[in-house]
**Student:** 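Shown below is the structure under consideration.
Throughout, residue positions are numbered sequentially from 1 according to the sequence presented. Hydrogens, waters and symmetry mates play no part in the numbers below; they use all other heavy atoms, side chains included.
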Amino acid sequence: MKKYNIAIVGATGLVGQTFLQVLEERKFPIKNLYLMASSRSAGKKINFMGKDIVVEELNESSFDKDIDIALFSAGGDTSKKFSPIAASKGVIVVDNSSAFRMDDEVPLIVPEVNPGAVFNHKGIIANPNCSTIQSVVPLRVLDEKYKIKRIVYSTYQAVSGSGLAGIKDLENGLAGKPVENYPYQIAGNCLPHIDVFLENGNTKEEQKMIDETKKILRADVKVTATCVRVPVLHSHSVSMNIEFEKEFDVEEVKKDLASVKGLIVEDDVKNNIYPMAINSKGKDEVFVGRIRRDQSLDNGLNLWVVADNIRKGAATNTIQIAELLIAEDKGRKLWK
């Protein structure tokens, strides 16, 4: 089997560490692994598959070496600066930040939804927002069959979506200590405030879900979102209200959803079976349940969708994109 030279930018962060875990679990064919981070983390040693690898300081010459794919999760500013440098040297960047998601020349990929778009790149591929990823996995099959008119998202997002700082704020709050990351206490509270507020009244997180869903599904789909941070450590939950153009049968919808790779239907309310954050932690699948008709409008459907935001919502989806790239590599350069 051919092996590849892989770089991880942001290797010491929460998602970067999960990159390493998922790469090992999925037995990604790695020849050489390069770990990169800021000057604060340079020199640290990270063990990967029994071997200690020294973290390098990320700089303009980091990609002068032979690297096939670079997995970025170091924030938008870092991605904006260093992704074009890497791409200019023949490296394919799979970026986990929001820096390039809405760039028309950058494909926005969820492998279960639009894998065919992966090679429509010019060196940079974007990983969508975590909540968008888990939402569009069930939406694609439903849009193809019933054509979606409108989507209303309400999210319940775990503190790990804010990285280690969010986890620390929840732990501090539970211990009666002051918060450092969020504007208010998150322990015992819900914050309808993720990222900054925009002039249109949406938060940036809400706007991401709106714009990214349109880019991945169809530009003419109407989408609105309210994103809420909740005192849960891991896994995001999304309530989805969908209006279709065509009529549907709920039992048929369940079969449609069950046919999607990577999507698990948990919908047996008589036995209290439905997706929960506590059960999806550490898993790569997306879980859907509470599948029921919205009686308040014609052709309306409600879904409850849950996934691990650090794995499927970030690290796993990024590595699945890299797997698509190498699956299509027949000994040629990965660029199409």
**Student:** Quick one: list whatever passes side chain to side chain donor-acceptor pair (under 3.5 Å) with Asp169, sequence neighbours left out.
**Tutor:**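 Listed in chain order: nothing, the list is empty.
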**Student:** Using a side-chain heavy atom cutoff under 4.5 Å and only I, L, V, M, F, W and Y, what cluster partners does Ile194 have?
**Tutor:**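 Traced through the cluster, Ile194 reaches no other member.
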**Student:** So, using salt bridge (Lys or Arg N to Asp or Glu O under 4.0 Å) as the criterion, who are the partners of Lys214 when residues are at least two apart?
**Tutor:** none
**Student:** Could you tell me which residues satisfy ring-ring contact (aromatic ring centres under 6.0 Å, His included) with Tyr146, sequence neighbours excluded, listed by chain and number?
**Tutor:** Phe244
**Student:** Side chains of Thr155 and Gln157: do they bring a donor and an acceptor to under 3.5 Å?
**Tutor:**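 Looking only at side-chain atoms, Gln157 and Thr155 do form a donor-acceptor pair, the distance falling under 3.5 Å.
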**Student:** Name all residues meeting the salt bridge (Lys or Arg N to Asp or Glu O under 4.0 Å) criterion together with Arg229; count only those two or more places apart in sequence or in a different chain, and write none if there are none.
**Tutor:** none
**Student:** Have a look at Glu243 and tell me which of Lys149, Lys147, Arg293 forms a salt bridge (charged side-chain N to carboxylate O under 4.0 Å, His left out) with it.
**Tutor:**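 The salt bridge (charged side-chain N to carboxylate O under 4.0 Å, His left out) with Glu243 is passed solely by Lys149 among Lys149, Lys147, Arg293.
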**Student:** Other members of the hydrophobic cluster containing Val306, with the 4.5 Å side-chain heavy-atom rule, please.
**Tutor:**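 Tyr156, Val228, Val230, Val232, Trp304, listed by chain and number.
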**Student:** Taking side-chain contact (heavy atoms from CB on, under 4.5 Å) as the definition, give me every residue that meets it alongside Asp104, ordered by chain and number, with sequence neighbours left out.
**Tutor:**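 Per chain and number, Asp104 pairs via side-chain contact (heavy atoms from CB on, under 4.5 Å) with no residue.
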**Student:** Quick one: hydrophobic cluster around Tyr274, which other residues, with the 4.5 Å side-chain cut-off, linked directly or via members?
**Tutor:**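 Grouped by the 4.5 Å side-chain rule, Met276, Ile278 form the rest of the cluster around Tyr274.
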**Student:** Side-chain polar contacts of residues 285-292 - donor-acceptor pairs under 3.5 angstrom, sequence neighbours left out - could you list them?
**Tutor:**
| residue | atom | partner | partner atom | Å |
| --- | --- | --- | --- | --- |
| Arg292 | NH1 | Arg290 | O | 2.9 |

**Student:** Looking at OH of Tyr153 and CE of Met209, how far apart are the two atoms once the value is rounded to the nearest 0.5 Å?
**Tutor:**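 Tyr153 OH to Met209 CE: 5.0 Å, rounded to 0.5 Å.
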**Student:** If two hydrophobic side chains count as joined below 4.5 Å and joins carry through other members, does Phe19 share a cluster with Ile167?
**Tutor:** yes
**Student:** Under the rule for side chain to side chain donor-acceptor pair (under 3.5 Å), what residues qualify as partners of Asn200, not counting sequence neighbours?
**Tutor:**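 Residues passing side chain to side chain donor-acceptor pair (under 3.5 Å) with Asn200: Gln207.
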**Student:** Side-chain polar contacts of residues 217-227 - donor-acceptor pairs under 3.5 angstrom, sequence neighbours left out - could you list them?
**Tutor:**
| residue | atom | partner | partner atom | Å |
| --- | --- | --- | --- | --- |
| Arg218 | NE | Asp143 | OD1 | 3.4 |
| Arg218 | NE | Asp143 | OD2 | 3.2 |
| Arg218 | NH1 | Asp220 | OD1 | 2.5 |
| Arg218 | NH1 | Asp220 | OD2 | 3.2 |
| Arg218 | NH2 | Asp143 | OD1 | 2.7 |
| Arg218 | NH2 | Ile148 | O | 2.6 |

**Student:** Could you identify which residues cluster with Val196, counting Ile, Leu, Val, Met, Phe, Trp and Tyr as linked when any side-chain heavy atoms lie under 4.5 Å apart, either directly or through a chain of such contacts?
**Tutor:**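 Listed partners: Leu198.
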